[in-house]
Amino acid sequence: TLCSVLAVAISLERVFCLRRKRIIRPEIVSVLENIKGPEDFGLALSVCNQYDGPFAHVIRGGLDNRHLPLDEIKEAILDQGRQEMGSLQKGLVVLETVASVSPLLGLLGTVLGMIKVFQEISVVGVGQGNLLAGGIAEAILTTAAGLFIAIPSLVLYNYFTAKAESLILEIEKYSNGLLKKLRGFQASRTTAGDAKEGAA
């Protein structure tokens, strides 16, 4: 019962938290796609500050460090990304554990039930067929119950893991896009600086 309650609670929470629109905010995507120059970073940062969540935090990590060398910006984004992965994968370890443990608990119940049946056989003998059949059926039910919990839990675990990985890849795609724009702006600034020195 505890395993089934845990599986249902975690699944409902993950269904709500891993919705794409809740993670990949369209407003942040829009402002990132419309960055045309360094002057647009302020607006992008203010939009990121309006939202909470992994995507906003990762992009903000890049924007906050935009004045640093490109390697350091990339490292800041990666560090933030590693921290945010935990929130996307929250509860999945418990769901995996439920999927693994439930059949074992069912099997344990079956073994204990069979021990009880054999104890009854030692007392009443094998003549009481109805009594023994009922005991065996009751023992096997625990394995069925364990599998009934484990199979959906495993399916949901795989689904939520794939969903989280898909969102991580999408966040990575947009953060790489931001890095490319930063690289381009830094390169053009360096070129402009060299041109000024040449003119002087």
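Just so it is clear, the model here is predicted, and its values are computed rather than measured.
Without hydrogens or angle criteria, Asp40 side chain to Gly37 main chain gives a donor-acceptor distance under 3.5 Å. For Ser4 (side chain) and Ile149 (main-chain N/O), no donor-acceptor pair under 3.5 Å exists by modelled atom type. Side-chain N or O atoms of Ser166 include none that pairs as donor or acceptor with a backbone N or O of Ala162 at under 3.5 Å.
Within the model, atoms OG1 of Thr110 and CG of Leu141 stand 8.5 Å from one another, a figure rounded to the nearest 0.5 Å. Here the straight-line distance linking atom OG of Ser87 with atom NZ of Lys90 works out to 8.5 Å at 0.5 Å rounding. To the nearest 0.5 angstrom, Leu45 atom CG is 11.0 Å from Ile59 atom CD1. Interatomic distance, CG of Leu32 versus OG of Ser175, reported as 9.5 Å (0.5 Å rounding). One finds the CD1 atom of Ile140 at 11.5 Å from the CG atom of Leu107 (value rounded to the nearest 0.5 Å). Rounding to the nearest 0.5 Å places OG1 of Thr161 at 7.0 Å from CD of Gln89.
For the pair Phe55/Val29, a side-chain contact is recorded, criterion being any heavy-atom separation below 4.5 Å from C-beta on. Looking at Phe148 and Ser102, their side chains never come closer than 4.5 Å, going by heavy atoms from C-beta outward. Put simply, the side chain of Arg60 does not reach to within 4.5 Å of the side chain of Gln80, judged on heavy atoms. Between Leu178 and Leu63, some side-chain heavy-atom pair lies under the 4.5 Å cut-off. Annotation: side chain of Thr143 is not in contact with side chain of Pro103 (no heavy-atom distance under 4.5 Å). Within the 4.5 Å cutoff, the side chain of Lys181 has no heavy atoms near those of the Lys36 side chain. Between Ile24 and Tyr174, the closest side-chain pair of non-hydrogen atoms falls below 4.5 Å. Side-chain contact between Gln50 and Glu27: absent, with no pair of heavy atoms (C-beta onward) separated by less than 4.5 Å.
Under a 4.0 Å N-O distance rule, the pair Asp79/Arg82 qualifies as a salt bridge.
Taking all atoms of both residues into account, the shortest heavy-atom contact from Leu182 to Gly62 is CD1-O, 4.5 Å. Closest heavy-atom contact between Tyr51 and Arg25: CD2-NE, 3.6 Å. In this structure, Ala76 and Gly61 approach most closely via the heavy-atom pair CB-O, 4.1 Å. The minimum heavy-atom distance linking Leu70 with Leu179 is given by the pair CD1-O, 4.0 Å. Shown here for Ile28 and Ala56, the closest heavy-atom pair between the two residues is CD1-CB, 3.7 Å. Scanning both residues, Ile23 and Pro54, for their nearest heavy atoms gives CD1-CD, 4.2 Å.
One hydrophobic cluster, built from ILVMFWY side chains closer than 4.5 Å, holds both Val15 and Leu88. Val155 and Val101 end up in different hydrophobic clusters when Ile, Leu, Val, Met, Phe, Trp and Tyr side chains are linked at under 4.5 Å. Under a hydrophobic-cluster definition in which Ile, Leu, Val, Met, Phe, Trp and Tyr are linked whenever side-chain heavy atoms come within less than 4.5 Å, directly or via other members, Leu6 and Leu18 are assigned to the same cluster. Clustering ILVMFWY residues whenever any of their side-chain heavy atoms sit less than 4.5 angstrom apart, transitively, puts Val58 in a cluster other than the one holding Leu78. Linking Ile, Leu, Val, Met, Phe, Trp and Tyr whenever their side-chain heavy atoms come within less than 4.5 Å leaves Val8 and Leu154 in two separate clusters.
Heavy-atom contacts from other residues, nucleotides or ligands closer than 6.0 Å to CG of Asp71 number 12 or fewer.
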### Message
Could you go through Leu43 and Val31, starting from their C-alpha distance and side-chain angles, then the distance that decides it, and tell me whether this counts as side-chain contact (heavy atoms from CB on, under 4.5 Å)?
### Response
CA-CA 8 Å; Leu43 175 61; Val31 79; 3.9 Å; yes
#### Entry: Audit row: Glu84, Ile171, side-chain contact (heavy atoms from CB on, under 4.5 Å) steps and yes/no
CA-CA 10 Å; Glu84 299 302 328; Ile171 292 170; over 6 Å; no
### Message
With side-chain contact (heavy atoms from CB on, under 4.5 Å) as the criterion, how do Arg14 and Tyr159 come out once you've worked through the C-alpha distance, each side chain's angles and the decisive distance to 0.1 Å?
### Response
CA-CA 10 Å; Arg14 289 291 85 191; Tyr159 170 75; over 6 Å; no
### Query
Checking side-chain contact (heavy atoms from CB on, under 4.5 Å) for the pair Glu170/Arg20: CA distance, chi angles, key distance, verdict?
CA-CA 10 Å; Glu170 199 162 355; Arg20 186 184 176 278; 2.3 Å; yes
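Exactly one of Ile10, Ile151, Leu92, Leu95 qualifies for a side chain to side chain contact (heavy atoms under 4.5 Å, CB included) with Leu156. That residue is Leu95.
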